[in-house]
Amino acid sequence: MMISPVPFGPYDLGNTTVYSARSDARFSYCLFVPSNFSSRSTAAELLVAVHGTPRTFMDFREMFADFAERNNVIVLSPLFPVGVNGDGNADGYKYIEEQGLRYDAVLLDIVGEVCARYGLANKRFALFGFSGGAQFANRFLLLRPDHLWAASIVAPGSVTLVDDARDWWVGTRDLEQRFGRTLDAEALRDVAVQLIVGDADLDTREITHKEGGRHWMPEANSAGRTRPERLAALRQSLDDAGVETEFHLLTGVGHTPFPSLDIAREFFVRRLGRLRR
């Protein structure tokens, strides 16, 4: 459904208010909208920044605000709450699907809403995710690469590999049966991918899958024991699929997004340059 443009109020520019998603009011989002975004010499583009398990979604908007103002980028930070089905599940969004709810579709509906409101011509966007948000970004990349021009994936606890010998979420063998979509290898190779993790991000208590757990499946821990090992496995699977990747192992860094931000912002600046050319 096309959303009719509305006049911008004082809370629709800069650091915006929080909006309820029109397609599903269980979800919401905030934005950073650059000043005079529509009258600049380069058209505005969109960056989606996805929170981790603590759901500090407004903080992720703030992390990219200066970058967005300088480069005429609108930042969209969605909120995927805990327990949307009333069962206290904190991890549903990380795995894309939860009791028939498709988080990729939720995000694409929000993106469509924002593009219509602010007149963005390019429906492809960049995607950043840290920790739980990086799990979402990893899986969204594999399922919907045609919607992305770049993805920065920082310190996911679990990863999904490009692997046609294993079922989702460990691999991609059953994408068509589960999601009605096959792996689009050509579109995947058209996305620039950045992978970042700290070499001291070694605590495995939250990321080790155990039999009987909500997301347990055989080989759930097969990509490695730690976050660095698992991200290296994702890098190898993407490289083998012909995807252009950058891998950054940050010395002395634990589980925090902040040391990765300058690297991620610089990556998006470079990719913006290519996109705009």
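Here the structure is a predicted model, which means the values were calculated and not measured.
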Roughly how far apart are L108 CG and C115 SG, rounded to 0.5 Å? 10.0 Å

Over 12 foreign heavy atoms within 6.0 Å of CD, Q99: yes

More than 12 heavy atoms of other residues, nucleotides or ligands under 6.0 Å from CG of D239: is that the case? yes

Between I153 and L195, does the side-chain contact (heavy atoms from CB on, under 4.5 Å) criterion hold? Intermediate values first, please. CA-CA 5 Å; I153 300 170; L195 308 169; 3.9 Å; yes

Does any N or O in the side chain of E113 come within less than 3.5 Å of the main-chain N or O of R22, such that one atom is a donor and the other an acceptor? yes

For a quick test of reading the model, state the closest non-hydrogen atom pair linking A44 to F37 and the distance between them. CB-CD1, 4.2 Å

At what distance, to the nearest 0.5 angstrom, does CZ of R144 lie from CZ of R181? 4.5 Å

Hydrophobic cluster membership, with links at side-chain heavy-atom distances under 4.5 Å among I/L/V/M/F/W/Y: are V154 and V191 in one? no

Only one of L101, L79, V106 forms a side chain to side chain contact (heavy atoms under 4.5 Å, CB included) with R26, so which one is it? L101

Roughly how far apart are M63 CE and D66 CG, rounded to 0.5 Å? 13.0 Å

With clusters defined by side-chain heavy atoms of hydrophobic residues (ILVMFWY) lying less than 4.5 Å apart, directly or transitively, does F128 cluster with L272? yes

Contacts of H248 that satisfy ring pair (Phe, Tyr, Trp, His ring centres under 6.0 Å) - sequence neighbours left out: none

May I ask you to test the Q135-Y93 pair for a side-chain heavy-atom distance under 4.5 Å? no

Determine whether a donor-acceptor pair (N or O, by modelled atom type, separation under 3.5 Å) exists between the side chain of D201 and the backbone of R227. no

Contacts of type side chain to side chain contact (heavy atoms under 4.5 Å, CB included), residue T16, not counting sequence neighbours: Y19, C30, L31, V33, R61, Y118

Is it true that a side-chain atom of E219 and a backbone atom of G171 form a donor plus acceptor pair closer than 3.5 Å? no

Minimum heavy-atom separation for N72 and T42, please, with both atom names. ND2-O, 2.8 Å

CG on L234 to CG on N138, rounded to 0.5 Å: 4.5 Å

Does some side-chain heavy atom of H255 sit less than 4.5 Å from a side-chain heavy atom of I207? no

Over all heavy atoms of both residues, which pair between P34 and V73 is shortest? Give the atoms and the distance, please. CG-O, 3.2 Å

Give the cluster check for F32 versus L261: same hydrophobic cluster or not, with ILVMFWY residues linked at side-chain heavy-atom distances below 4.5 Å. yes

When you compare the side chain of Y95 with that of S158, does any pair of heavy atoms fall below 4.5 Å? yes

When you measure from the side chain of D199 to the backbone of G252, do you find a donor-acceptor pair of N or O atoms at a distance under 3.5 Å? yes

Report, as yes or no, whether the 6.0 Å neighbourhood of atom CD on E206 holds more than 12 heavy atoms from other residues, nucleotides or ligands. no

Name all residues meeting the salt bridge (charged side-chain N to carboxylate O under 4.0 Å, His left out) criterion together with D203; count only those two or more places apart in sequence or in a different chain, and write none if there are none. R205

Output a table of donor-acceptor pairs, distance under 3.5 Å, between side-chain atoms of residues 47-59 and any protein atom two or more places apart or on a different chain; print 'none' if there are none.
| unit_1 | atom_1 | unit_2 | atom_2 | d |
| --- | --- | --- | --- | --- |
| H51 | NE2 | F80 | N | 3.0 |
| T53 | OG1 | K94 | NZ | 2.7 |
| R55 | NE | F80 | O | 2.8 |
| R55 | NH1 | T53 | O | 3.0 |
| R55 | NH1 | A90 | O | 3.0 |
| R55 | NH2 | F80 | O | 3.2 |
| R55 | NH2 | A90 | O | 2.9 |

Would a hydrophobic clustering, with Ile, Leu, Val, Met, Phe, Trp and Tyr connected at side-chain separations under 4.5 Å, put V82 with V84? no

Mind listing the closest non-hydrogen atom pair of F27 and P81 along with its distance? CD2-CD, 3.7 Å

Using salt bridge (charged side-chain N to carboxylate O under 4.0 Å, His left out) as the criterion, list what pairs up with E266, not counting sequence neighbours. R270

Tell me every residue that passes ring pair (Phe, Tyr, Trp, His ring centres under 6.0 Å) with H147, counting only those two or more places apart in sequence or in another chain. none

Is there a side-chain contact between S152 and F268, using heavy atoms and a 4.5 Å cut-off? yes

Does the side chain of I263 reach to within under 4.5 Å of the side chain of E246, using non-hydrogen atoms? no

Suppose we screen for side chain to side chain contact (heavy atoms under 4.5 Å, CB included). Which residues come up paired with L202, at least two apart in sequence or across chains? T226, P228

According to ring pair (Phe, Tyr, Trp, His ring centres under 6.0 Å), does anything in residues 183-212 pair up with another residue at least two apart or in another chain? List the pairs. W169-H209

Which heavy atom in F130 sits nearest to a heavy atom in A155, and how many Å separate them? CE1-CB, 4.0 Å

Search all heavy atoms of T245 against all heavy atoms of R235 and return the closest pair with its distance. OG1-CG, 4.0 Å

Contact check, side chains of V170 and L161, non-hydrogen atoms, under 4.5 Å: no

Applied to residues 73-89, the salt bridge (charged side-chain N to carboxylate O under 4.0 Å, His left out) test, sequence neighbours excluded, yields D87-R214

Which residues satisfy the side chain to side chain contact (heavy atoms under 4.5 Å, CB included) test with A187, sequence neighbours excluded? P145, D146, D184

Are the side chains of R40 and S35 in touch, meaning some heavy atoms are under 4.5 Å apart? yes

For N122 and W149: C-alpha separation, side-chain torsions, deciding distance, then whether side-chain contact (heavy atoms from CB on, under 4.5 Å) applies. CA-CA 10 Å; N122 186 6; W149 50 265; 4.3 Å; yes

Kindly compute the distance separating CD1 (I110) from CG (L76), expressed to the nearest 0.5 Å. 6.5 Å

Charged N to carboxylate O below 4.0 Å: is that the case for R271 and E244? yes

Please report the C-alpha distance between E229 and T204 in whole Å, then the side-chain angles of each, then the deciding distance to 0.1 Å, and finally whether the side-chain contact (heavy atoms from CB on, under 4.5 Å) criterion is met. CA-CA 11 Å; E229 290 173 1; T204 63; over 6 Å; no

Rounded to the nearest 0.5 angstrom, the CG-CG distance for L188 and L148 is 9.5 Å

Residue pair T208, N221: steps toward the side-chain contact (heavy atoms from CB on, under 4.5 Å) verdict: CA-CA 7 Å; T208 301; N221 300 302; 4.2 Å; yes

Heavy-atom side-chain proximity of L143 to R102 below 4.5 angstrom: yes

Residue set satisfying ring pair (Phe, Tyr, Trp, His ring centres under 6.0 Å) with F140, at least two apart, ordered chain then number -> F125, F136

According to a hydrophobic-cluster definition based on side-chain heavy atoms being under 4.5 Å apart (Ile, Leu, Val, Met, Phe, Trp, Tyr only), do F64 and L275 belong together? yes

Report the residues that fulfil side chain to side chain contact (heavy atoms under 4.5 Å, CB included) with D174, sequence neighbours left out, ordered by chain and then residue number. D167, W168, Q177, R178

